[in-house]
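Treat the numbers as computed from the prediction; the structure is a model and nothing was measured.
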Amino acid sequence: ERTIEENHPELYRNGCAAVALASASGDALGIVAEVRAPMRHPVPNWWDDLISSVCKSVAMNHGIEVQSVGLVPYGTIPRTTSGKLQRHACSRFFAGELETA
């Protein structure tokens with residue numbers, strides 16, 4: 001998660017969750033990351049570059065292929081009352097239950 005958060009200035013610190021996703025070959029890696037105000041971004045389709053950069057960074061630093069990346073607005077990732085990420089709840093993004101950026 002730290003690798004991903006440090007990957008791009010559009011991502012928030014402590015705003016990224018790595019989750020296990022079921023796939024035909026077993027578990028796969030899914031990433032949900034909170035992004036900064038995407039509506040004000042000057043580059044069209046900037047999220048494609050961001051997603052590609054995140055996937056490359058994880059592969060280079062950890063040798064793991066990312067199956068899916070979800071970009072969500074700040075404050076969307078579920079947290080406990082003490083502010084810790086609820087990673088298990090982030091799988092709701094991949095079920096279409098969290099707002100996308």
Side-chain angles (χ1 to χ4, degrees):
E1 292 169 351
R2 178 66 48 102
T3 297
I4 297 163
E5 293 167 353
E6 294 175 350
N7 182 266
H8 200 283
E10 293 290 341
L11 300 179
Y12 282 97
R13 284 242 166 182
N14 195 33
C16 178
V19 298
L21 302 175
S23 74
S25 60
D27 284 342
L29 179 62
I31 303 295
V32 179
E34 293 179 331
V35 295
R36 300 181 190 278
M39 285 69 75
R40 295 192 310 257
H41 204 285
V43 179
N45 299 329
W46 62 271
W47 56 86
D48 291 334
D49 292 336
L50 176 57
I51 290 171
S52 177
S53 179
V54 165
C55 292
K56 286 178 187 176
S57 181
V58 171
M60 286 178 49
N61 288 290
H62 304 286
I64 301 170
E65 182 180 345
V66 177
Q67 177 180 324
S68 186
V69 176
L71 303 178
V72 297
Y74 178 72
T76 304
I77 292 179
R79 289 179 166 75
T80 65
T81 56
S82 63
K84 295 179 183 177
L85 298 174
Q86 293 182 342
R87 288 168 184 83
H88 67 280
C90 289
S91 61
R92 294 188 339 218
F93 170 82
F94 300 103
E97 297 175 14
L98 290 180
E99 178 184 352
T100 59

J.: What are the two closest non-hydrogen atoms of G30 and L21, and how far apart are they?
T.: CA-CD1, 3.6 Å
J.: Can you give me the closest heavy-atom contact between I77 and G15, atom names plus distance?
T.: CD1-O, 3.4 Å
J.: With sequence neighbours excluded, give me every side-chain hydrogen bond (donor to acceptor under 3.5 Å, both in side chains) pair touching residues 65-75.
T.: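 Output for this query is empty, none listed.
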J.: Return the CZ to CG distance between R2 and N14, rounded to the nearest 0.5 Å.
T.: 8.5 Å
J.: Evaluate the side chain to side chain contact (heavy atoms under 4.5 Å, CB included) criterion for residues V66 and I4: first the C-alpha distance (whole Å), next the side-chain angles of each, then the deciding distance (0.1 Å), finally the verdict.
T.: CA-CA 11 Å; V66 177; I4 297 163; 5.9 Å; no
J.: Hey, could you give me each pair passing salt bridge (charged side-chain N to carboxylate O under 4.0 Å, His left out) that has a residue in residues 67-81? Not counting sequence neighbours.
T.: E34-R79
J.: So, for C16 and L85, which heavy atoms are closest and what is the spacing to 0.1 Å?
T.: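 Answer, listing the atom of C16 first, then L85: O-CD1, 3.1 Å.
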J.: Does any N or O in the side chain of E10 come within less than 3.5 Å of the main-chain N or O of V35, such that one atom is a donor and the other an acceptor?
T.: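 The answer is no, because no donor-acceptor pair under 3.5 Å joins these two groups.
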J.: Could you tell me which non-hydrogen atom of A17 sits nearest to which non-hydrogen atom of E1, and how far apart they are?
T.: CA-OE2, 3.5 Å
J.: If I compare all heavy atoms of L29 with all of A18, which pair ends up nearest, and what's the gap?
T.: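 Looks like CD1-CB, 3.8 Å.
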J.: Flag the pair L11 / L50 as yes when at least one side-chain heavy-atom distance between them is below 4.5 Å, and no otherwise.
T.: yes
